[in-house]
Amino acid sequence: MRENQGLERDHGMSREELLALPVAVDLETGNRALGLGRSKGYELAKRGQYPCKVLRLGNAYRVVTADLLDLLGLAA
């Protein structure tokens with residue numbers, strides 16, 4: 001059973017994990033929540049085509065959690 005839980009975490013996030021996220025998260029966390037790979041997520045962010053709002057802060061990308069939850073149908 002534990003092996004399945006580990007695999008599940010590698011491929012997505014639980015509802016509880018998503019609802020506990022801070023106001024903005026790094027692109028890796030956004031990718032994980034959306035089931036996107038690292039390369040694809042960065043490619044979409046760079047093109048301005050990420051499925052939800054992304055902020056560019058210096059060299060880093062931050063995903064706005066409210067938009068992410070709305071996209072996933074978990075908005076409060």
Side-chain angles (χ1 to χ4, degrees):
M1 181 86 176
R2 276 200 154 145
E3 290 177 16
N4 290 343
Q5 289 175 348
L7 289 175
E8 187 175 307
R9 288 180 185 235
D10 289 342
H11 298 293
M13 298 177 75
S14 70
R15 177 183 172 84
E16 292 76 23
E17 288 175 315
L18 288 165
L19 294 175
L21 291 174
V23 173
V25 296
D26 61 9
L27 197 62
E28 287 293 322
T29 302
N31 291 344
R32 188 170 142 223
L34 295 171
L36 295 173
R38 177 181 165 89
S39 297
K40 189 62 168 181
Y42 276 93
E43 177 186 328
L44 291 172
K46 185 177 180 179
R47 289 185 186 172
Q49 297 176 341
Y50 203 78
C52 57
K53 186 170 183 170
V54 174
L55 305 173
R56 179 79 189 251
L57 304 172
N59 290 331
Y61 292 103
R62 294 287 180 252
V63 178
V64 177
T65 302
D67 287 349
L68 178 62
L69 294 177
D70 189 43
L71 179 67
L72 295 171
L74 297 173

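Heavy-atom basis, side chains included; hydrogens, waters and symmetry copies ignored.
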Inspect the contact between R32 and E28 and indicate whether a charged nitrogen and a carboxylate oxygen are less than 4.0 angstrom apart. no
What are the two closest heavy atoms between [X] and [Y], and how far apart are they?
{"X": "G41", "Y": "L36", "result": "CA-CD1, 4.4 Å"}
{"X": "N31", "Y": "G37", "result": "ND2-O, 3.8 Å"}
{"X": "P51", "Y": "L71", "result": "CB-CD2, 3.6 Å"}
{"X": "Y61", "Y": "R56", "result": "OH-NH1, 3.1 Å"}
{"X": "M13", "Y": "A33", "result": "SD-CB, 3.7 Å"}

Hey, mind stepping through C52 and V63 against side chain to side chain contact (heavy atoms under 4.5 Å, CB included) and telling me if it holds? CA-CA 7 Å; C52 57; V63 178; 3.6 Å; yes
Report the C-alpha separation of L74 and L68 in whole Å, then their side-chain angles, then the decisive distance to 0.1 Å, and conclude whether the side chain to side chain contact (heavy atoms under 4.5 Å, CB included) test is met. CA-CA 9 Å; L74 297 173; L68 178 62; over 6 Å; no
Are [Y] and [X] co-members of a hydrophobic cluster defined by side-chain heavy atoms under 4.5 Å apart?
{"X": "L44", "Y": "Y42", "answer": "yes"}
{"X": "L19", "Y": "L72", "answer": "yes"}
{"X": "V64", "Y": "L18", "answer": "no"}

Which distance, rounded to the nearest 0.5 Å, do you find between the OG1 of T65 and the CG of D70? 12.0 Å
Taking R62 as the fixed residue, which of L27, D26, T29 is the one that meets the side-chain contact (heavy atoms from CB on, under 4.5 Å) rule? D26
